[in-house]
Amino acid sequence: MQEKYDPQEVERAVQAQWEKTGASRVVEDAGKPKYYCLSMFPYPSGKLHMGHVRNYTIGDVLARFYSMRGFNVLQPMGWDAFGMPAENAAIQNGVPPAKWTYANIDAMKAQLKRLGFAIDWEREFATCEPDYYRWEQWLFTRLFERGIVYKRLGTVNWDPVDQTVLANEQVIDGCGWRSGAPVEKREIPMYYMKITAYADELLDDLKKLDGWPEQVRLMQKNWIGKSFGCEVGFPYDAASVGAEGVLKVFTTRPDTLMGATYVAVAAEHPLATAAAADDSALREFIEECKRGGVAEADVATAEKKGMPTGLYVLHPLNGEKLPIWVANYVLMAYGEGAVMAVPAHDERDFAFAEKYGIEIRTVIASPTGAYTEATAPWAPAYAEHGVCVNSGKYDGLCFDDACDAIAADLAARGLGAKRAQFRLRDWGISRQRYWGTPIPIVHCDACGDVPVPDEQLPVVLPENVEVTGSGSPLARMPEFYECACPQCGRPARRETDTMDTFVESSWYFLRYCCPDNDTAMVDDRVTYWCKGGIDQYVGGIEHAILHLLYSRFWTKLMRDAGLFGDFRLSEPFAQLLTQGMVVAPTFYRKAPEGKTEWFNPSDIELECDARGRPVAAKLVADAQPVQIGGIEKMSKSRNNGVDPQALIDEYGADTARLFVMFASPPDQSLEWSDAGVEGAYRFLKRLWRMVHEHVSEPHVPAYSGGALTPELKEFRYLLHQTIGKVADDYARRKQFNTAIAAVMELLNACAKIGDGGETARAVRQEALEAAVRMLYPIVPHICETLLAELCPKGAAVRPSFPDVDTDALARDEIELVLQVDGKLRGHLRVPASADKAAIEEAALLSEAAQRYLNGKPPRKLIVVPGRLVNVVP
RNA sequence: GCCCCGAUGGCGGAAUUGGUAGACGCACUGGACUCAAAAUCCAGCGCCGCAAGGCGUGCCAGUUCGACCCUGGCUCGGGGCACCA
């Protein structure tokens, strides 16, 4: 055995061995329990960043642990290859998106291999390959025929200078990121998927996902946002509107209906358009509402503005004329694009009414009497449930009774009924971009929208295109869009929009089971690997809502398309581990034209105050100052990703893996710092040295019984306690930093065992073997090597996880904490078998208790078995 | 603005079910080895105090024999908000 730990050489040799034996290759095996361990696949941005290292190490640790426990483990990897950065690279450097993407995949795959993950690379694919997306197109046509996919208008960000649709990320302070021009909202036809038809199931099934973090389930529940209330119809005031009709709104507070003093509609609402026809000021206001992007955060934080239309509706219960306002806070996409406003009992309506001098009418009193009278000027709106006042026949009714009574009266007039409402909206999947899956639809003047028939699939995305950043390249390629109608054969136009990349990431995990199937989307192998759900999914918490919700939805769509046969998979992910983000500081400079340039932390020199807080920063290259931004998730757009390659080059993959796992528990966000890498490396060197010293003497079999000194007995207690703790950390808690710490403690204790004779060496053999096996999932290269040295005969055998020897855990005496009045005052050694009375007696006799009791009996005596005794004087 | 999460020494973090706050590691300090340095090993290391002891888990209140942990109210930081992935 080499005396010195040389990670580069160890890792090269071990990886070559794994490669040779196909150690990570896996096939279906009915004789073994399966464990499908999935990590979220990366976008091929070019280089791995620390978030990837963390994510894939967590996955690999679990995969290897379950493998050691005898499971048939599948750990696949692929590439979420479509998306905007490839187009941006094309615009900047003129490289075709496909070429750029495949080059990035090669680079990142090499990095993943260097890290030694037990990935079955035979199953790898990229979502930009026609063999993959053809099945997505195929299912799309089925869903289109069933009406799950439909077309309607949707609102997008429009850059009037670049004449192009912008992603929310490309809108900065209301302006296009390249042109700097103010962005406008524009309505265009788009394809939607009816996720709202599955809203109830998506909500109900959350209850079954007990392997998911509560936090994620809660976020999804709130996102789906099922609320109960009432639909209310406000008949048009025919004299002002000039037409018959009913304005529909939804409210969760029908009990406040008698306090409604106006209604508000979105700028795009037909009533707003009608009123603006002969009102230039209103037209101008509606134009103003169209300025700015569509992102909800921007809309919700914008100043609330409105304008009266001069039109009226009639209150459905008392016939009173209520003005119709256009308001920028009402969104056409939600519900009916109109709301009823009750300023006295809704904070937003209150602020709006105060600003524009609209009547505020109190109709709810606090049940405790705190808000009883309609007295102006009002304090902030009383938005709690209460009792109806100033509401005629409804006076005195509580929330539930008022809702029932008002809903019944509305129903009697045909102007409303109780119903549920979802916040969830249908999923718009059309993108006016090049680098995505072509939407398989042909537009024919005679036949309308015709899905591409199976025999013409896939609709292949042409790869050699010119990307300019203005408009969609496909829309400039007649050779792509000119086609014959599949139905009537006449000249027709192929759809040039592509699909949202979330579609590809909604089912890739199923395709890993059967990537080579060229006659079906999925097959029986999915049943083997996905029965009961994918056993473990690991990925960033930033995907808690969209990606995970879309994947759940898409799985249900595939189920309902009959693709899973009798197996009928409904929920794809049984266990979910949401990794906390690796965050890093951001640095930028703003150019005069408003463009922002972001600088990588590695190119920055920081100046800190006495307490170590950064106060100023400058770019090393030009020594000029840069602005310090927030500490954000590592991303390409903020250029704050830290490249792990330098770490791997200097210390090796095992140190990188150990350090990242030791730094914090997986679900916690981690501010990147490489302080402490040395410590991880030092630990591996120490482990190597301890094994080297041990094996340089003749081999002894691991301890298997016989008399022990008290010291060795105590050490074996620690050893087996540690094995149990570490196994629990891997399997249940998924907290690897404490598993590592426990093994460190064990080895610290191991180093302190007196050299002793044969027995001590046997115990040390047992401990070192166990420690190396416990660490194997985290640092597999060094452990593979050390295990071969420790058990020369078993070198070829796949390593197993050590078992707990329960005999070693038996104790004669235990130590209890002695508290007086809840404060630590000493310890108590008692026989392990001592009962409550014996413990109480020992506690009262203790020096500490005597000192504080002054001979008086205690007021209380609390014994927590196995832990402590508290004497309350 | 709305939804979710977090805050513990100089730093990363531990305390698993309300029961010893600070495990493990980093940094630092002292010592050993060395011509010297590196590496390694040993010891110390929350704050105040000579000590006894007191204080201490973002802030303010509360529940409890006992609170980092539970409840209410804040502050700050992070994530998501439907076209970043």
Side-chain angles (χ1 to χ4, degrees), chain A residues 40 42-43 45 80 82-85 154 156-157 165-171 213 215-216 218-219 221-223 225 293-302 304 329 333 348 423-433 500-502 505 540-547 549-550 580-581 583 611-612 630-633 635-637 659 662-665 667-671 673 675-680 682-683 685-686 689 725 728-729 732-733 735 737-738 740-745 748 751 815-819 821-824 826-827 858-862 864 867-872:
Chain A
M40 290 183 187
Y43 177 79
S45 56
D80 189 13
F82 278 136
M84 285 204 313
V156 294
N157 303 304
V165 174
L166 298 179
N168 285 335
E169 192 192 46
Q170 299 170 311
V171 179
Q215 180 201 154
V216 175
L218 193 57
M219 280 192 269
K221 177 176 183 263
N222 292 336
W223 183 263
V294 299
E296 192 193 294
D298 296 334
V299 176
T301 50
K304 311 281 174 286
Y329 67 83
R348 199 172 55 180
R423 203 187 78 95
L424 184 68
R425 309 199 295 259
D426 278 342
W427 176 13
I429 56 161
S430 294
R431 298 291 179 268
Q432 298 68 45
R433 272 182 245 297
D500 181 359
T501 58
F502 272 124
S505 56
I541 183 69
E542 71 271 26
H543 296 292
I545 297 175
L546 292 179
H547 161 61
L549 188 66
Y550 291 146
M581 259 147 313
V583 294
R611 303 181 65 176
I631 294 165
E632 298 178 45
K633 75 165 167 172
S635 72
K636 204 164 175 62
S637 63
F659 173 61
F662 187 54
S664 76
D667 58 355
Q668 218 167 92
S669 70
L670 171 63
E671 190 177 333
S673 151
V677 176
E678 278 291 343
R682 205 175 294 159
F683 173 67
K685 281 194 289 185
R686 184 168 144 91
R689 201 166 48 242
K725 188 242 174 352
D728 186 51
D729 277 351
R732 181 182 62 88
R733 296 216 302 157
Q735 187 167 299
N737 55 332
T738 47
I740 296 164
V743 179
M744 285 176 167
E745 272 186 89
N748 287 344
E815 191 172 63
L816 296 181
V817 163
L818 176 66
Q819 291 185 340
D821 203 20
K823 287 192 173 72
L824 174 69
H827 293 93
R859 201 151 55 81
K860 230 173 192 177
L861 207 50
I862 289 142
V864 182
R867 277 195 185 271
L868 63 69
V869 46
N870 186 10
V871 181
V872 186

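Naming: A, B, ... by sequence-line order, numbering from 1 per chain.
Within the 4.0 angstrom heavy-atom criterion, no nucleotide atom of any strand lies near A:Ser673. No engagement by A:Tyr329 is indicated, since no non-hydrogen atom pair under 4.0 Å with the nucleic acid exists. Note on A:Gly580: nothing from the nucleic acid sits closer than 4.0 angstrom, heavy atoms only. Contacts of A:Leu218 with the nucleic acid, taken as non-hydrogen atoms under 4.0 Å apart, involve only primed sugar atoms and P, OP1 or OP2. Among the heavy atoms of the strands, none lies under 4.0 Å from A:Val871. Using a 4.0 Å heavy-atom distance criterion, A:Ser637 is classed as making no nucleic acid contact. If you check every strand for non-hydrogen atoms under 4.0 Å, A:Arg867 touches sugar and phosphate atoms only.
Evaluation of the salt bridge (Lys or Arg N to Asp or Glu O under 4.0 Å) rule for A:Arg689 yields no partner, not counting sequence neighbours. Residues meeting the salt bridge (Lys or Arg N to Asp or Glu O under 4.0 Å) test with A:Asp728, sequence neighbours left out: A:Arg732. A search for salt bridge (Lys or Arg N to Asp or Glu O under 4.0 Å) contacts involving A:Asp729 returns A:Lys725, A:Arg733, not counting sequence neighbours.
Within the 4.0 Å cut-off from OP1 or OP2 of B:G12, not a single side-chain nitrogen or oxygen of A:Ser664 is found. Listed pair A:Arg733 / B:A15 meets the phosphate criterion, a side-chain N or O lying under 4.0 Å from OP1 or OP2. Dashed line: the shortest gap from a side-chain N or O of A:Asn737 to OP1 or OP2 of B:C24 is not under 4.0 Å. The side chain of A:Arg689 contributes an N or O atom lying less than 4.0 Å from OP1 or OP2 of B:C41. The shortest distance between the side-chain N/O atoms of A:Lys636 and the OP1/OP2 oxygens of B:A85 is not below 4.0 Å. Phosphate proximity of B:C81 to A:Asn222: absent, as no side-chain N or O sits under 4.0 Å from OP1 or OP2.
Taking atom CD1 on A:Ile429 and atom P on B:A85, their separation rounds to 15 Å, with Å as the unit. Atom pair A:Phe82:CZ and B:C84:C1' shows a separation of 17 Å (rounding to whole Å applied). Spacing between atom CG of A:Leu824 and atom P of B:G18 amounts to 21 Å, rounded to whole angstrom units.
B:G10 and B:C65: their C1' atoms are spaced 36 Å apart (whole Å). Using atom C1' as the reference point in both B:C50 and B:U64, the two lie 38 Å apart (nearest Å). Across the P atoms, B:A14 and B:C69 are found 16 Å apart, a figure rounded to whole Å. Separating the P atom of B:C11 from that of B:C48 is a span of 15 Å, rounded to the nearest Å. The same atom, C1', is picked in B:A21 and in B:G9; the two are 11 Å apart, to the nearest Å.
Side-chain to base pairing of A:Glu296 with B:G1: one donor and one acceptor N or O lie within less than 3.5 Å of each other. A donor-acceptor contact under 3.5 Å links the side chain of A:Lys725 to the base of B:U16. Counting distance only, with no hydrogens placed and no angle test, the side-chain atoms of A:Arg732 and the base atoms of B:U16 include a donor-acceptor pair under 3.5 Å.
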- Item | From CA spacing to verdict: side-chain contact (heavy atoms from CB on, under 4.5 Å), A:Gln819, A:Val864 | CA-CA 11 Å; A:Gln819 291 185 340; A:Val864 182; over 6 Å; no
- Item | Working for side-chain contact (heavy atoms from CB on, under 4.5 Å), residues A:Gln170 and A:Asn157 | CA-CA 9 Å; A:Gln170 299 170 311; A:Asn157 303 304; over 6 Å; no
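Shown here, B:G9 is classed syn by the O4'-C1'-N9-C4 or O4'-C1'-N1-C2 angle, which is within 90° of 0.
Formation of a donor-acceptor pair under 3.5 Å by the A:Lys304 side chain with backbone atoms of A:Ala302 is found in this model. Without hydrogens or angle criteria, A:Arg423 side chain to A:Trp223 main chain gives a donor-acceptor distance under 3.5 Å.
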Using a cut-off of under 3.5 Å, enumerate the N/O to N/O pairs linking the protein to nucleotides 64-73 of chain B.
residue: B:C65; atom: OP1; partner: A:Lys860; partner atom: NZ; Å: 3.0
residue: B:C65; atom: O2; partner: A:Asn870; partner atom: ND2; Å: 2.4

Short heteroatom pairs, N/O only, protein and nucleotides 26-28 of chain B, under 3.5 Å:
residue: B:C26; atom: OP1; partner: A:Arg682; partner atom: NH1; Å: 2.6

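Of all nucleotides listed (B:A85, B:C5, B:A14), B:A85 comes nearest to the side chain of A:Leu546. Side-chain atoms of A:Gln735 lie closest to B:A15 of the nucleotides B:C84, B:C4, B:A15.
Each of A:Ile631 and A:Gln668 lies near RNA chain B, and the nucleotide nearest A:Gln668 is the one positioned closer to the 5' end. Nearer the 5' end of RNA chain B, as judged by each residue's closest nucleotide, is the contact made by A:Ile541, out of A:Ile541 and A:Leu166.
Secondary-structure annotation of RNA chain B gives the stems B:1-7 with B:75-81, B:10-12 with B:24-26, B:28-32 with B:40-44, B:46-48 with B:53-55, B:58-62 with B:70-74, with a stem taken as at least 3 successive Watson-Crick or G-U pairs whose two distances both fall under 3.5 Å.
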